[in-house]
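Just so it is clear, the values below take in all heavy atoms, side chains as well, and ignore hydrogens, waters and symmetry mates. Letters go in sequence order (proteins before strands), and every chain restarts at 1.
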Number of protein chains: 2
Amino acid sequence: MKSRVSAYDVARKAGVSQSTVSRVLNNFPHIKEGTKKKVLAAIEELGFTRDEIARSLAEKKTRTIGLIIGDITNPFFAESAGVIMGKAAELEYDVIICNTNHQDDNLEKSIKMLIGKRVDGIIIAAVNRYSKKIKELYEAQFPVVLYNSSIEGNHANFIVLDNEKGAYIAVKHLVELGHRNIAYISGPSKFLTLHQRDIGYKKALGEYGIPYNQRLIYDREFSYREIYQFAYKLLCSKDKPTSFFVTSDQMALAILDAAANHNLEVPKDVSVIGFDDINISSNQYIGLTTISQKKETMASLALEKLLLLIEGKGSISMPIQVVLEPKLIIRKTTGRAN
Amino acid sequence: MKSRVSAYDVARKAGVSQSTVSRVLNNFPHIKEGTKKKVLAAIEELGFTRDEIARSLAEKKTRTIGLIIGDITNPFFAESAGVIMGKAAELEYDVIICNTNHQDDNLEKSIKMLIGKRVDGIIIAAVNRYSKKIKELYEAQFPVVLYNSSIEGNHANFIVLDNEKGAYIAVKHLVELGHRNIAYISGPSKFLTLHQRDIGYKKALGEYGIPYNQRLIYDREFSYREIYQFAYKLLCSKDKPTSFFVTSDQMALAILDAAANHNLEVPKDVSVIGFDDINISSNQYIGLTTISQKKETMASLALEKLLLLIEGKGSISMPIQVVLEPKLIIRKTTGRAN
DNA sequence: CTGTTAGCGCGTTCAC
DNA sequence: GTGAACGCGCTAACAG
């Protein structure tokens, strides 16, 4: 691989100083047309590309943000990442994505790595609500915005959905269709969003006088396999649930999978409602009823606010905390209980 | 935000020189136990993290690779990215992902940006087969491996599936089920992989004496909407196809969507076979018959080979070119023609 | 308008 | 074993 050409090489070729090259690179005003032309020509001829690493070092800015997600394989995260990356690219920011697979130590590792790489800010989706690290970053005024997640005490900037309400309207929808035996597939309550949904679930049950039944609750790790099996077994049992409220569309698909393998018809035999509204849910072959997370809005806002923190350092009144309204989207996986 | 602590700060605190700090950071042998302890203590106390940007500049290595994908919203790319990121993390490499939305100018932009960021190498999925840029990089010996794609003339390192064969066995499967009216949903043939699948499609038709019918072919841009509408219209027509061979599972889902909105039953009224075997295809609620791209293998190999190129600079015999065998996975969206 | 000079925070000789 | 000094390629004053 041929060795790189530097701004200094360009300078020599154009017969100017290296700082002049830097100036044309950065579009400084008041450069004589002639020299600018010469420099541009030399750049073109030598195929020069500026070394962003050196620039970052000198400028103490990397024009790069970090994005930490729980699982890129989950379309909710992938699609969110897509909009963030799109917006970022428009604004000339690059993004480094880290996958935590929902594990706390990976979160810490990712943060450390991103800090080492001197990213200008970080968007984090899926954090343990007890995370000390997040709080530290917040207190150190390092630009971080939490995406659909938050921590205990709310010492953080975040954009979230009203998760309690989302769960509430989901369950309410099922109840109004006549369901009383409602399974709830969630995940570890160390995630504040899930904890809030737990509350919404219980609240809806309570309001309609439906007893809370631990047997119908899944609150362990996110695992397609485990959730599939949990649902499968539940569907084998006598007094099986007539409906499932699932905390992500991806896992709702696992329930549909289990139901299909049971030869159960949806929604005739079982109703399923998800959460997220990932793209595929609107596919009419699937038609998953769900609660929209408004990922477009949430993701755009997250990036926007992060850049505000990055660029307007200090002048921003922290914390930035936005709560969006959930929306019930009725499709074909929910129907009357029989 | 409190200003960063540098190796120099650590040095002062420990009463040693900055180069000594550097030495312990990099685990040099022959450091007196005492001074090592002191330095480590100072690092701990000050909460020092090394500046990877400065390190990269000095070392001329970033321990970062670029990954350019067509569309993170397509699970095939997201899932591939997932395995690449996982392996990379294990090997202490970071990855910067770029989304091109399948547009050539974005490819060029992404490459330029990654080169600017001094990545050590790049994995590229989805390239225009006429791309000059890729060839240039190859000739300049810059570490690049193409992921399930290649360019005209094969002047590149790549890991691909035998796409022609994949298409061939897909169509053969349909023919053997009695289908003769087989629609083919593809994309721009500027992508070599698609071009090869075109050949496979035609070959299978030819072998069974089925005439090629342009009316049944979609070869424009990847667009859920457009493909959906194309399929929808086709399904309205008299002499409508009894089956679809679709060049990606994601788009196969679009066909299922269109069929569902036509109240057509799958596979009774229409058969659909995809390509990729994304995770959701194995969901029994969907059960998409497809051709496996072996993304786990392909992605692992791509990363492995890239690191070989990066770390074994020069000593590797180029080009690295691997062709994997496709595999037909029969599920429930294909059945006998009626 | 442009050149000179001094860092940015590390890794890396080369002496001692 | 360890420190001093230089360089990676660029931006940012400061002169002129």
* **From CD (B:Glu139) to NZ (B:Lys132), nearest 0.5 Å** => 9.5 Å
* Asked: Yes or no on side-chain contact (heavy atoms from CB on, under 4.5 Å) for B:Leu107 and B:Ile124, after CA distance, side-chain angles and deciding distance?
  -> CA-CA 9 Å; B:Leu107 210 209; B:Ile124 311 182; 4.1 Å; yes
* Asked: Heavy-atom distance under 4.5 Å between the side chains of B:Ser300 and B:Lys87, does that happen here?
  -> yes
* Nucleic acid contacts of residues 54-61 of chain B, taken as heavy-atom distances under 4.0 Å to DNA chain D -> B:Leu57, B:Ala58, B:Lys60
* **Salt-bridge criterion met for B:Arg4 and B:Asp9 (N-O under 4.0 Å)** => no
* To do: Determine, step by step, whether B:Leu46 and B:Lys13 satisfy the side-chain contact (heavy atoms from CB on, under 4.5 Å) criterion, reporting the C-alpha distance in whole Å, the side-chain angles of both residues, the deciding distance to 0.1 Å, and the verdict.
  => CA-CA 9 Å; B:Leu46 268 40; B:Lys13 175 132 221 154; 3.3 Å; yes
* Compare the minimum distances between each of C:dT12, D:dC10, C:dG3 and the side chain of A:Thr20, then state the nucleotide with the smallest one. => C:dG3
* Asked: Hey, does A:Glu221 have a side-chain heavy atom less than 4.5 Å from the side chain of A:Pro188?
  -> yes
* **Any residue meeting salt bridge (Lys or Arg N to Asp or Glu O under 4.0 Å) with A:Lys37, in chain and number order, not counting sequence neighbours** => A:Glu33
* Audit row: A:Leu192, A:Ile151, side-chain contact (heavy atoms from CB on, under 4.5 Å) steps and yes/no -> CA-CA 7 Å; A:Leu192 193 54; A:Ile151 56 171; 5.9 Å; no
* In degrees rounded to 10°, what angle is found between the helical axes fit to the five outermost pairs at each end of the helix from C:dC1-D:dG16 to C:dC16-D:dG1? -> 40°
* Specify the residues of residues 36-53 of chain A, ordered by number, for which at least one heavy atom lies under 4.0 angstrom from an atom of DNA chain D. => A:Phe48, A:Arg50, A:Asp51
* So do the side chains of A:Asn26 and A:Arg55 get within less than 4.5 Å of each other, counting heavy atoms only? -> yes
* Between B:Ser22 and C:dT12, is there a side-chain N or O to OP1/OP2 distance below 4.0 Å? -> no
* Residue B:Ile31, side-chain atoms from C-beta onward, closest of C:dG9, D:dT2, C:dT12 -> D:dT2
* Got a salt bridge between A:Asp94 and B:Lys117, using NZ or NE/NH1/NH2 to carboxylate O under 4.0 Å? -> yes
Would you tabulate the nitrogen or oxygen pairs shorter than 3.5 Å linking the protein to nucleotides 14-16 of chain C?
none

* Asked: Roughly how many Å is it from NE2 in B:His30 to P in D:dT2, rounded to a whole number?
  -> 12 Å
* Report the relative orientation of the aromatic rings in B:His155 and B:Tyr138; use parallel for angles under 30°, tilted for 30 to 60°, perpendicular for over 60°. => tilted
* Using a cut-off of 4.0 Å on non-hydrogen atoms, how would the nucleic acid contact of A:Ser6 be classed: base, sugar-phosphate, or nothing? -> sugar-phosphate
* Residues from residues 8-19 of chain A lying under 4.0 Å of DNA chain C - heavy atoms -> A:Val16, A:Ser17, A:Ser19
* Asked: Do other residues, nucleotides or ligands put more than 12 heavy atoms under 6.0 Å from B:Lys135 NZ?
  -> no
* Whole angstrom value for the distance that separates C1' of D:dC10 from CZ of A:Arg63 -> 11 Å
* Asked: Does B:Arg118 come within less than 4.0 Å of A:Glu52, counting only side-chain N to carboxylate O?
  -> no
* Asked: So does A:Glu108 pair up with A:Lys133, basic N to acidic O under 4.0 Å?
  -> no
* To do: If the plane angle is over 60° it's perpendicular, under 30° parallel, otherwise tilted; pick one for B:Phe191 and B:Phe222.
  => parallel
* To do: Would you sort out whether A:Ile122 and A:Ile65 count as a side-chain contact (heavy atoms from CB on, under 4.5 Å), showing the intermediate values?
  => CA-CA 6 Å; A:Ile122 308 181; A:Ile65 64 166; over 6 Å; no
